[in-house]
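Following: one structure in C-alpha cells, then a few remarks.
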Amino acid sequence: MSTGKIIAIANQKGGVGKSTTAINLGAGLAFQGERILIIDLDPQGNTSSGLGIDRGSIEQSTYDVLVEGAPLADVLEPTSVKDLHVVPATIELAGAEIELVPMFSRELRLKQAIAAIVDEYDFVLIDCPPSLGLLTINGLAAAEEVLIPIQCEYYALEGVSQLTRNIGLVQASLNPQLEVEGVVLTMFDGRTTLASDVVSQVRDHFGDTTYKTVIPRTVRLSEAPSYGEPIEAYDPMSRGAIAYRELAREFRRRHGRT
C-alpha cells in the first residue's frame with residue numbers, strides 16, 4: 001500500500017477560504033474514492049464544526065496529539081462522508097503554542113504523529129491557522145506540499161510573500177522536501193473587474209502552480225458549514241459544489257490519480 005501524501009493548507013491572512021477549501025477539497029476527494037484525513041490545526045475549529053463535529057462533545061483533539069502525545073488513531077473522528085476522517089480542534093489548541101515552547105523536537109510533534117497512520121490514507125490535509133506560530137510550523141514541517149488559497153479581493157497577495165519566505169525558512173531548517181503544490185483562487189465574484197484583475201495577477205506571479213479551477217463566492221458555500229456538511233452533500237448542484245468537484249479532479253490529476 002502506498003503512503004499517503006501530506007498537504008498543508010496555509011495562508012497567513014485570515015478569511016481567505018482556507019477551512020472551506022480544507023472541508024470541500026477533502027470531501028470532494030473522498031467522494032471520488034480517495035481515503036482522506038483532515039487535521040484541524042486551527043484553534044477556531046471551523047473545519048471540525050463544518051464537518052459536523054460537535055465541539056462540545058470532543059473528548060480528544062489536536063491539542064492532545066501535540067501536547068500530550070496522544071496517537072492520531074485515538075483522536076480522529078468519522079464524518080458523514082465515507083472515507084473522510086477528521087482530527088478535530090478545540091479552543092484548547094490556542095494554549096498549545098505556549099506549552100510546546102519548552103518541548104524537545106517541538107516543531108516535529110505533528111510529523112511524528114502522522115507517521116503512524118499515513119499508510120491508511122491517500123491524502124492527509126492539514127488546515128493551518130492564519131498565523132506563523134508553532135502550530136503552523138508543525139503543519140509545514142509535517143507536510144510534503146503546501147496548498148495556498150488566495151481570495152480574489154484587494155491585497156490578495158499581501159502576506160503571500162511573507163508566507164513563501166516562511167516556507168523557505170522551514171525548508172532550510174526543518175523540511176527540505178517541502179514545496180508549493182499549488183495556489184487556489186477563492187471567493188471569485190465575476191461581477192467585479194477587481195476579481196478578474198486579481199486572477200491575472202496571481203497567475204502572473206505563480207504561473208502553472210495556480211489551479212485552473214476558480215472557486216466562486218456563493219451563498220450556498222457560506223451556508224453549508226452551519227449545517228455541518230460539505231457543499232457536495234449540502235447542495236451538489238450548486239456552483240460551489242461544481243467548482244470544488246472540479247478542483248478535486250484537477251488535484252487528483254496533479255498527483256497522478258485519474
Side-chain angles (χ1 to χ4, degrees), residues 1-11 17-42 47 51 62 65-66 71-73 75-79 81-87 89 107-128 135-150 163-164 166-168 170-171 174-184 186 206 208-213 215 230 232 244-258:
M1 191 193 289
S2 65
T3 298
K5 198 94 175 143
I6 304 164
I7 290 126
I9 300 176
N11 189 330
K18 203 169 38 59
S19 297
T20 305
T21 296
I23 292 166
N24 294 302
L25 174 60
L29 290 167
F31 277 114
Q32 290 173 29
E34 306 288 1
R35 294 160 308 159
I36 304 298
L37 176 64
I38 298 177
I39 298 175
D40 193 351
L41 267 191
D42 190 336
T47 295
L51 284 167
T62 328
V65 174
L66 292 173
L72 274 177
V75 179
L76 56 84
E77 303 264 356
T79 67
V81 178
K82 182 177 176 289
D83 288 333
L84 174 62
H85 294 130
V86 63
V87 178
E107 298 93 350
L108 301 173
R109 306 274 294 180
L110 186 62
K111 184 187 176 88
Q112 290 154 356
I114 292 174
I117 53 97
V118 71
D119 289 351
E120 294 172 32
Y121 294 94
D122 296 306
F123 295 101
V124 176
L125 304 179
I126 304 170
D127 183 24
C128 298
L135 294 174
T136 298
I137 289 172
N138 262 272
L140 295 176
E144 296 157 84
E145 301 176 340
V146 188
L147 180 63
I148 307 172
I150 295 181
L163 176 64
T164 40
N166 289 327
I167 291 169
V170 171
Q171 282 166 331
L174 293 167
N175 184 359
Q177 279 76 48
L178 187 65
E179 51 188 48
V180 173
E181 190 277 337
V183 171
V184 179
T186 61
F206 286 100
D208 288 345
T209 52
T210 314
Y211 274 83
K212 291 188 175 66
T213 309
I215 308 299
E232 182 73 27
Y244 272 111
R245 204 175 305 142
E246 189 46 52
L247 183 70
R249 285 197 196 103
E250 200 180 335
F251 180 93
R252 291 179 72 228
R253 284 197 298 274
R254 286 189 178 200
H255 291 90
R257 305 178 71 87
T258 45

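Everything numeric here is computed off the predicted structure, so don't read it as measured data. In this chain, numbering begins with 1 at the start of the sequence shown.
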Discussion item. Looking at Asp122 and Arg35, would you say the former's side chain and the latter's main chain have a donor-acceptor pair under 3.5 Å?
Written reply: yes
Fill in: Test side chain to side chain contact (heavy atoms under 4.5 Å, CB included) applied to Ile38 and Leu76, Val86, Ile9, Thr79, the passing residue
Val86
Practice prompt. Please report the shortest heavy-atom distance between Asn11 and Pro149, naming the atom on each side.
Written response: ND2-O, 2.8 Å
Item to complete: Using the side chain to side chain contact (heavy atoms under 4.5 Å, CB included) rule, take Asp40 and Leu51 through it: C-alpha gap first, then chi angles, then the decisive distance, then the call.
Response: CA-CA 11 Å; Asp40 193 351; Leu51 284 167; over 6 Å; no
Fill in: Backbone N/O of Cys128 and side chain of Lys18: donor-acceptor pair under 3.5 Å
yes
Worksheet item: Does Arg109 offer a backbone N or O that forms a donor-acceptor pair with the side chain of Asn138 under 3.5 Å?
Response: yes
Worksheet item: Roughly how far apart are Tyr121 OH and Leu84 CG, rounded to 0.5 Å?
Response: 9.0 Å
Practice prompt. Return yes if some donor-acceptor pair links the side-chain N/O of Glu250 with the main-chain N/O of Thr213 below 3.5 Å, else return no.
Written response: yes
Worksheet entry | Min side-chain heavy-atom separation Ile39-Val65 under 4.5 Å | no
Discussion item. Please evaluate residues Tyr244 and Ile23 with respect to the criterion side chain to side chain contact (heavy atoms under 4.5 Å, CB included), reporting the C-alpha separation (whole Å), side-chain torsions for both, the decisive distance (0.1 Å), and the verdict.
Written reply: CA-CA 10 Å; Tyr244 272 111; Ile23 292 166; over 6 Å; no
Practice prompt. Give a yes-or-no answer on whether the side chains of Glu145 and His255 include a donor-acceptor pair shorter than 3.5 Å.
Written response: yes
Worksheet item: Is a side-chain donor or acceptor of Gln171 paired with a backbone partner of Leu178 at a separation under 3.5 angstrom?
Response: yes
Worksheet item: What is the distance from atom CG of Leu147 to atom OG1 of Thr21, rounded to the nearest 0.5 Å?
Response: 7.0 Å
Worksheet item: Are Val81 and Ile36 close enough that some pair of their side-chain heavy atoms sits under 4.5 Å apart?
Response: no
Item to complete: Identify the heavy atoms of Ser19 and Asp127 that sit nearest to each other, and give their distance.
Response: OG-OD2, 3.1 Å
Worksheet, complete the sentence: In this structure, CD of Gln112 is separated from CG of Leu72 (nearest 0.5 Å) by 11.5 Å
Worksheet entry | Check: Leu140 main-chain N/O paired with Asn175 side-chain donor or acceptor under 3.5 Å | yes
Item to complete: For side chain to side chain contact (heavy atoms under 4.5 Å, CB included), just list the numbers for Leu41 and Leu66, CA-CA rounded to whole Å, side-chain angles, deciding distance to a tenth of an Å, and then say yes or no.
Response: CA-CA 10 Å; Leu41 267 191; Leu66 292 173; 3.9 Å; yes
Item to complete: Give a yes or no answer on whether the side chain of Gln32 reaches the backbone of Arg245 with a donor-acceptor pair at less than 3.5 Å.
Response: yes
Worksheet item: Nearest 0.5 Å, what's the CD1-CG distance between Ile126 and Leu37?
Response: 9.0 Å
Discussion item. Whether Arg254 engages the ring of Tyr211 as a cation-pi pair (distance to the six-membered ring centre under 6.0 angstrom, angle to the ring normal within 45°) should be assessed.
Written reply: yes
Worksheet item: How many angstroms lie between CG in Leu247 and CG in Asn24, if you round to the nearest 0.5 Å?
Response: 9.5 Å
Discussion item. Nearest 0.5 Å, please: how far is CG in Leu125 from CD1 in Ile6?
Written reply: 10.5 Å
Worksheet item: Is the shortest distance from a Lys or Arg side-chain nitrogen in Lys82 or Glu232 to a carboxylate oxygen in the other one below 4.0 Å?
Response: no
